[in-house]
Amino acid sequence: MTVHARIRVILLGFLLGVVAGCGSGSEAGSAPATEPTLYVIKFPHVTAPATPKGQMAQRFKELAEERFPGRVRVEVYPSAQLMEDTEAIEALAFGEVQMIATSVSLYDRLTQKFQVFDLPFLFSDLAAVERFQRSPEGSALLTTLTDSGILGLAFWHNGMKQFSGPRPIIEPNDARGLKFRVMESDIIQAEIEAIGGSPQKMAFGEVFQALQTGTVDAQENTWSNIYSAKFYEVQPYMTESNHGYIGYYVAVNDAFWKSLPDDLRAGLEATLAEVTEWGNARSETINQEDKQRIIDSGRSQVTVLTPEQQAVWQDALRPVWDEFSDRIGRDLVDAALAAAQ
């Protein structure tokens, strides 16, 4: 049975992830003392603790447990300690974990709509992304997957994507013949093919070794991911292209979330909203600081594309827009374009 099919089945015997504690009566005839139910939220992710997502996950844990002592415990598993992102989506649908923050690029088997975030050069910066996410069309994406047992609560930023490789990648032709690691995304695969590269779909946790051994030659990622995962140690050339966006769909198991007491659910949602605003505001700063750390290391040469050079890339990647806009939905693409202006 495929992952997509499994997610669609009725979730019978769903485990709520609840640890119930109750006191025992000390004398016959006395009413038993009870303790509040403790709800456990397992929250795996694949990035390092110092990345934007890592910091937001940890802050959510700390604030949630501080504000609801004895009622909630958030178990954060960074750096793919528990599972990779593709496994986490399925695990969330089946209630094996209760919260995830996986890349928006990984949902194209469940919905084509999230592919709007992967259209190359659609968004010039994180401010443009945020305008779209806060629009009626963007915010509606949060509830797109409820039929699969997945409820979105927020979008978290990582940053804009850059290229790295064994040689300078300044023009699209510079990518020709290189093996690029990409996420499990058809649109990103098409992007690399459009510039003459060979896309290799691979989990994030496998990338460093693959670059080190030559299994892949190049990759695309944010400055924070490139620095925290040490890709710069095995990639001598970096190009600041800002050609795409990496962000995360913060989601919970729908049945678990609805099982929470109303006050706890509302309080956790308010806490998450606070963490989202805090973290998204800091993500660009984190990326720029990590970019400077890469430059200071002396291991990689960083080139910033000029507007004229970006225009050449946009022309080369126009066929990707032509291929995927109808699949995503023209209305959604138009809404993103309007927000990006």
Side-chain angles (χ1 to χ4, degrees), residues 103-106 108 115-125 158-227 229-247 287 290-291 294-295 297 299-325 327-328:
S103 172
V104 293
S105 301
L106 299 177
D108 58 4
Q115 291 183 329
V116 69
F117 292 111
D118 285 333
L119 284 173
F121 292 102
L122 171 56
F123 303 107
S124 59
D125 53 30
N158 185 318
M160 304 304 292
K161 291 193 290 187
Q162 326 300 342
F163 285 119
S164 74
R167 60 179 184 243
I169 303 176
I170 311 303
E171 299 178 353
N173 282 340
D174 295 331
R176 188 167 300 278
L178 294 179
K179 294 175 290 185
F180 279 80
R181 177 269 172 177
V182 299
M183 286 186 282
E184 291 279 345
S185 166
D186 290 344
I187 196 168
I188 297 177
Q189 176 177 322
E191 168 192 301
I192 299 304
E193 291 172 342
I195 57 176
S198 174
Q200 310 290 318
K201 294 182 178 181
M202 183 180 297
F204 182 76
E206 301 171 7
V207 179
F208 179 86
Q209 184 175 5
L211 291 169
Q212 188 177 44
T213 60
T215 303
V216 295
D217 306 308
Q219 61 90 49
E220 55 162 19
N221 232 302
T222 63
W223 291 122
S224 67
N225 281 353
I226 292 170
Y227 180 74
K230 302 184 184 302
F231 297 162
Y232 68 96
E233 294 185 357
V234 290
Q235 294 277 267
Y237 295 97
M238 307 275 174
T239 302
E240 184 170 84
S241 52
N242 292 325
H243 63 277
Y245 167 72
I246 291 184
N287 274 280
D290 286 343
K291 171 190 171 183
I294 292 169
I295 294 172
S297 76
R299 290 174 174 264
S300 297
Q301 177 182 315
V302 175
T303 300
V304 180
L305 294 184
T306 65
E308 293 75 20
Q309 289 169 330
Q310 283 190 330
V312 175
W313 281 89
Q314 290 169 350
D315 289 343
L317 292 170
R318 175 55 59 179
V320 178
W321 282 62
D322 296 338
E323 179 181 355
F324 284 90
S325 290
R327 301 187 199 181
I328 296 167

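The first residue in the sequence is number 1, and the count goes up from there.
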Looking at [X] and [Y], what are the two nearest heavy atoms and their distance?
| X | Y | value |
| --- | --- | --- |
| P319 | A316 | CD-O, 3.3 Å |
| S185 | S105 | CB-O, 3.5 Å |
| G197 | P199 | O-CD, 3.6 Å |
| I169 | S164 | CD1-O, 3.9 Å |
| E191 | P120 | OE1-CB, 4.0 Å |
| A218 | Q235 | CA-OE1, 3.5 Å |

Spatial distance of atom [atom1] ([X]) from atom [atom2] ([Y]) [nearest 0.5 Å]:
| X | Y | atom1 | atom2 | answer |
| --- | --- | --- | --- | --- |
| Q189 | Q200 | CD | CD | 9.0 Å |
| I188 | M183 | CD1 | CE | 4.0 Å |
| D186 | R327 | CG | CZ | 7.0 Å |
| I328 | W321 | CD1 | CH2 | 8.5 Å |
| F180 | M202 | CZ | CE | 13.0 Å |
| E193 | S198 | CD | OG | 8.0 Å |

- Message: If you count every heavy atom of other residues, nucleotides or ligands that lies below 6.0 Å from Q212 atom CD, does the total exceed 12?
- Response: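 For Q212, atom CD is crowded (more than 12 foreign heavy atoms under 6.0 Å).
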- Using a cut-off of 6.0 Å, state whether more than 12 heavy atoms not belonging to K230 lie near its atom NZ.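 Counting other residues, nucleotides and ligands, NZ of K230 stays at 12 neighbours or fewer.
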Kindly indicate whether the side chain of [X], heavy atoms from C-beta on, has any atom under 4.5 Å from the side chain of [Y].
| X | Y | answer |
| --- | --- | --- |
| N242 | D125 | no |
| N287 | N158 | yes |
| F231 | I294 | no |
| L122 | Y245 | no |
| D108 | D118 | no |
| P168 | D174 | no |
| Y237 | T303 | no |

- Task: Would you please test S241 and T239 for side-chain hydrogen bond (donor to acceptor under 3.5 Å, both in side chains) and show each step?
- Result: CA-CA 6 Å; S241 52; T239 302; over 6 Å; no
- Message: As a test of understanding, state which of L178, V182, I226 forms a side chain to side chain contact (heavy atoms under 4.5 Å, CB included) with Q219.
- Response: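 Exactly one pass, corresponding to I226.
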- Identify the residue among I195, D315, L317 that makes a side chain to side chain contact (heavy atoms under 4.5 Å, CB included) with P172.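 When I195, D315, L317 are each tested with P172, the side chain to side chain contact (heavy atoms under 4.5 Å, CB included) holds only for I195.
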- Query: So H243 and F163, would you call those rings parallel, tilted or perpendicular, with 30° and 60° as cut-offs?
  - Reply: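 H243 vs F163 ring planes: parallel.
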- Message: Could you go through I246 and E220, starting from their C-alpha distance and side-chain angles, then the distance that decides it, and tell me whether this counts as side chain to side chain contact (heavy atoms under 4.5 Å, CB included)?
- Response: CA-CA 10 Å; I246 291 184; E220 55 162 19; over 6 Å; no
- Task: Sequence neighbours left out, what passes side-chain hydrogen bond (donor to acceptor under 3.5 Å, both in side chains) with T213? Give chain and number order.
- Result: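 T213 satisfies side-chain hydrogen bond (donor to acceptor under 3.5 Å, both in side chains) with T215 only.
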- Within the side chain of W313, is there an N or O that forms a donor-acceptor pair under 3.5 Å with the backbone of I170?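 Checked: pair present.
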- Message: Would the distance check show the side chain of S103 and the main-chain N or O of L106 forming a donor-acceptor pair, the cut-off being under 3.5 Å?
- Response: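 Not a single qualifying donor-acceptor pair exists.
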- Query: So, N221 and Q162: side-chain donor and acceptor under 3.5 Å apart, yes or no?
  - Reply: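 No.
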- Please step through side chain to side chain contact (heavy atoms under 4.5 Å, CB included) for the pair L211 and R181, ending with a clear verdict. CA-CA 9 Å; L211 291 169; R181 177 269 172 177; 5.8 Å; no
